[in-house]
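Have a look at the structure below before the remarks.
Chain letters run A, B, ... following the sequence lines, proteins first, then strands; residues in each count from 1. Note that this is a predicted model, so its numbers are computed, not measured.
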Protein chains: 2
Amino acid sequence: MAVPRTGPNLTKIAAALGVSSATVSNALSGKGRVSADLVQKIRQKADELGYVPSNAGRALRTGRSGVLGLVLPDIANPLFPQIAQAMEMAASNNGYGVLIADSRGEVTTQTDAIGRLIERGVDGLIVIPRRGTRIGAVGCPVAMVDTPSTPGNTVSADHWEGGEQIARHLSDLGHKKILLLGNDPASNVQNDRIGGMKAALGRDICHQTIWLEPILRDGGTTASLKLPYLVESGVTAIATVSDLLALRVLTELQTAGFRVPGHVSVTGFDDLIFSPVVTPALTTIHMDMAQIAEIAVAALIAEITGTQKIKSTTPQQKRTVPDTVMADTSRVPMELIIRSSTGPATPYQTHIPNGETL
Amino acid sequence: MAVPRTGPNLTKIAAALGVSSATVSNALSGKGRVSADLVQKIRQKADELGYVPSNAGRALRTGRSGVLGLVLPDIANPLFPQIAQAMEMAASNNGYGVLIADSRGEVTTQTDAIGRLIERGVDGLIVIPRRGTRIGAVGCPVAMVDTPSTPGNTVSADHWEGGEQIARHLSDLGHKKILLLGNDPASNVQNDRIGGMKAALGRDICHQTIWLEPILRDGGTTASLKLPYLVESGVTAIATVSDLLALRVLTELQTAGFRVPGHVSVTGFDDLIFSPVVTPALTTIHMDMAQIAEIAVAALIAEITGTQKIKSTTPQQKRTVPDTVMADTSRVPMELIIRSSTGPATPYQTHIPNGETL
DNA sequence: CTGAAAGCGCTTACAG
DNA sequence: CTGAAAGCGCTTACAG
């Protein structure tokens with residue numbers, strides 16, 4: 001004997017009205033094979049009884065769960081709120097739910113996370129891969145959100161172009177000596193951002209790139225960056241690959257007595273929650289996550305309802321065909337947000353840290 | 001004709017081995033009614049075929065989906081990553097999945113969000129309510145994560161006690177004139193934090209509370225706070241209810257030429273991602289989200305598998321019994337994290353904004 | 001220890 | 001336009 005449900009089901013509505021459950025199903029799904037009259041009566045009865053369809057029954061029958069899995073490299077990532085919010089919105093607008101899984105920054109955990117979602121019967125997967133990771137065939141459509149430079153089909157913001165915008169902005173302000181600050185040289189996203197910056201800086205602009213993470217890993221500290229020294233030797237702008245890095249630089253400079261943007265301009269990336277709130281507010285690049293999410297979700301749904309017409313409720317393991325979904329790499333444009341952390345380049349002047357000017 | 005699955009199912013394993021699917025089911029679920037020999041053979045065959053159980057089939061049969069819903073007031077909340085990560089971890093450790101829904105800060109959307117999750121057949125709900133919201137009976141167990149002062153059963157960090165810790169820390173450092181800075185006076189959490197601070201400050205300590213959000217709503221700006229004026233009139237510490245607010249205050253003070261903690265100490269709350277990264281790093285209160293998540297998930301699972309032995313696959317609407325879950329309000333302790341944004345109180349000295357000392 | 005059977009709620013191809 | 005029937009994959013009470 002299986003577990004009965006206490007709520008009303010199709011059969012109960014059918015019984016209450018003296019019709020067949022097939023008719024109730026057809027009426028409620030609006031497939032149009034039922035007379036307007038009956039549809040009306042059935043709808044009313046369903047409302048009256050507080051009918052809510054059973055996902056399990058439907059999923060078992062149709063082979064589709066109506067749920068998408070979202071795999072995140074590390075939920076602690078400050079960009080995650082934007083991502084999750086956009087994905088949830090895009091999915092729920094299309095009648096899908098979103099199941100989350102966190103891979104805590106590790107590749108094996110990423111595989112586990114994907115496995116857990118597959119076991120839960122997701123119809124498709126949105127994966128924000130750990131840097132450099134490739135996803136094998138998993139038995140359901142996969143949309144990757146990464147950089148355009150990642151091999152394979154992905155949706156993503158055009159990080160390179162964002163880097164170009166930042167660089168042009170600084171260049172327009174007259175900066176001639178710029179520090180480009182990255183964190184992790186193994187990150188595709190960060191490389192694209194820095195690459196775009198470099199590409200957009202003219203020959204007349206002197207720039208230097210520093211990656212922070214390797215310095216920290218070798219036991220260095222942020223102090224090893226010698227920001228005050230760099231500024232005194234003529235750097236008038238510091239372009240970073242992330243608002244978090246920009247915040248670090250900004251507050252460090254302020255503590256050392258430099259003014260931003262008076263002495264140095266600072267830029268970030270991602271328009272994180274705190275960026276408009278700090279003083280000076282951060283000039284940054286905002287990505288249209290909503291659009292990225294819509295593209296990813298639409299691609300997934302097209303694949304789910306199209307090509308894979310006959311799809312199992314449960315995953316087919318050991319599939320050989322790759323099933324990543326996007327027809328092509330989609331690039332979503334970036335928007336430059338100019339706030340007060342950037343300003344005209346000011347010629348170098350001798351300056352003693354700690355706030356006192358000579 | 002229903003949609004066939006391409007992957008192996010119980011029946012295929014059974015057929016391959018010449019046993020019944022009931023036996024396969026019993027063997028794989030380890031209920032112990034099958035001989036060790038057979039269990040061994042069945043397990044092996046299942047692995048060989050790459051068997052993954054169908055959630056839909058199981059859910060339909062057992063009336064349980066194995067999924068918990070997480071309703072967030074606003075995914076953009078900077079604390080959300082910590083919450084989602086902890087919940088996902090606690091749930092998946094217990095064999096449950098987590099479906100997310102964002103209520104975008106609005107009450108009606110919160111109701112919609114809950115509705116969507118219920119329709120997806122979640123077995124239980126974790127709700128981080130929009131401030132002041134009560135959740136009606138929804139037909140499945142609900143765990144609320146809020147302040148202990150919220151009426152109803154909740155798990156939460158002990159925000160009051162966190163406020164006390166901060167206040168004691170500042171008091172121990174010798175601060176005698178403290179500004180308590182809140183954002184939204186309608187927030188239970190923020191009121192608890194401020195309440196705790198006040199309670200722990202001795203009679204000899206002068207304090208004033210300012211709520212920022214009403215000022216901003218009336219068209220004021222952060223500048224209306226007149227932080228420089230307050231500091232010059234003797235405030236040596238500013239205790240805020242959030243790291244975001246602390247960051248705002250910190251950078252504004254720095255821009256105005258004050259040193260933190262030299263001239264003023266600043267504290268936050270929540271230990272957000274940027275807090276250890278800014279200079280000076282923020283002294284704050286860290287909440288043990290993992291523990292909160294474990295309590296909430298455990299309570300939910302107890303309710304799901306216990307009391308409600310016979311539970312429908314789909315929600316029963318219009319239930320009359322309240323089904324909030326926690327036996328009692330659980331309070332999780334807070335941890336004070338002392339970083340460099342706080343230091344000994346320094347006596348007031350005349351100081352001209354903009355970095356020049358007389 | 002093992003199996004036959006029922007049934008969870010739904011949808012769809014088919015017959016009328 | 002409407003209904004009877006089958007079946008998606010699973011688990012469990014029951015019989016042997």
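Summarising the geometry, the separation between CG on A:Asn9 and P on C:dC8 is reported as 8 Å, rounded to the nearest angstrom. Put simply, NZ on A:Lys12 is 7 Å from P on C:dG9, counting in whole angstrom units. In this structure, the CG atom of A:Leu10 is 12 Å from the P atom of C:dT12, given to the nearest Å. Counting to the nearest Å, the P atom of C:dG9 and the CZ atom of B:Arg120 are 19 Å from each other. Atom CZ of B:Arg58 is separated from atom P of D:dT12 by 10 Å (rounded to the nearest Å). Rounded to an integer number of Å, the gap from CD1 of A:Ile42 to P of D:dT2 is 8 Å. Atom CG in B:Leu17 sits about 11 Å away from atom P in C:dT2, given to the nearest Å. Atom P of nucleotide D:dC10 and atom CG of B:Leu28 are separated by 9 Å, given to the nearest angstrom.
With hydrogens and angles disregarded, a donor-acceptor distance shorter than 3.5 Å links the side chain of A:Asp123 to the backbone of A:Ser65. Put simply, the side chain of B:Asp112 never gets that close to the backbone of B:Ser103: no donor and acceptor are under 3.5 Å apart. Side chain of A:Asn94 to backbone of A:Tyr96: no donor-acceptor contact under 3.5 angstrom is found. The backbone N or O of B:Val98 sits nowhere less than 3.5 Å from a side-chain atom of A:Arg120 that would complete a donor-acceptor pair.
Distances from the side chain of B:Pro53 to the nucleotides C:dC10, D:dT2, D:dC10 place D:dC10 closest. Here the side chain of B:Tyr51 is nearest to one of D:dC10, D:dC1, C:dC10, namely D:dC10.
With B:Val71 as reference, B:Val127 is the one residue of B:Thr109, B:Val127, B:Ile126 to meet the side-chain contact (heavy atoms from CB on, under 4.5 Å) rule.
Contact check for B:Lys45 versus B:Glu48: side-chain heavy atoms found under the 4.5 Å cut-off. Two residues are said to be in side-chain contact when any heavy atoms from C-beta on lie closer than 4.5 Å; B:Leu28 and B:Leu10 meet this criterion. Side-chain contact between B:Met87 and B:Val145 is present, with heavy atoms from C-beta onward closer than 4.5 Å. By the 4.5 Å heavy-atom criterion applied to side chains, A:Ile304 and A:Arg64 are counted as neighbours.
Using a 4.0 Å heavy-atom criterion, one finds that A:Ser25 contacts the bases of the nucleic acid, with or without backbone contacts as well.
In DNA chain C, the stems built from three or more successive Watson-Crick or G-U pairs (distances below 3.5 Å) are C:1-3 with D:14-16, C:5-12 with D:5-12, C:14-16 with D:1-3.
The phosphate of D:dC10 (OP1 or OP2) has no side-chain N or O of B:Thr11 nearer than 4.0 angstrom.
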Check: protein-nucleotides 14-16 of chain C nitrogen or oxygen pairs below 3.5 Å:
none

Protein N or O to nucleotides 3-5 of chain D N or O, pairs below 3.5 Å:
residue	atom	partner	partner atom	Å
D:dG3	OP2	A:Ser20	N	3.2
D:dG3	OP2	A:Thr23	OG1	2.8

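Of all heavy-atom pairs spanning A:Ala56 and B:Ala59, the tightest one is CB-CB, 3.7 Å. Considering all non-hydrogen atoms of both residues, A:Leu70 and A:Ile128 come closest at CD1-CD1, 4.1 Å. Between B:Asp102 and B:Arg116, the closest heavy-atom pair is O-NH2, 4.1 Å.
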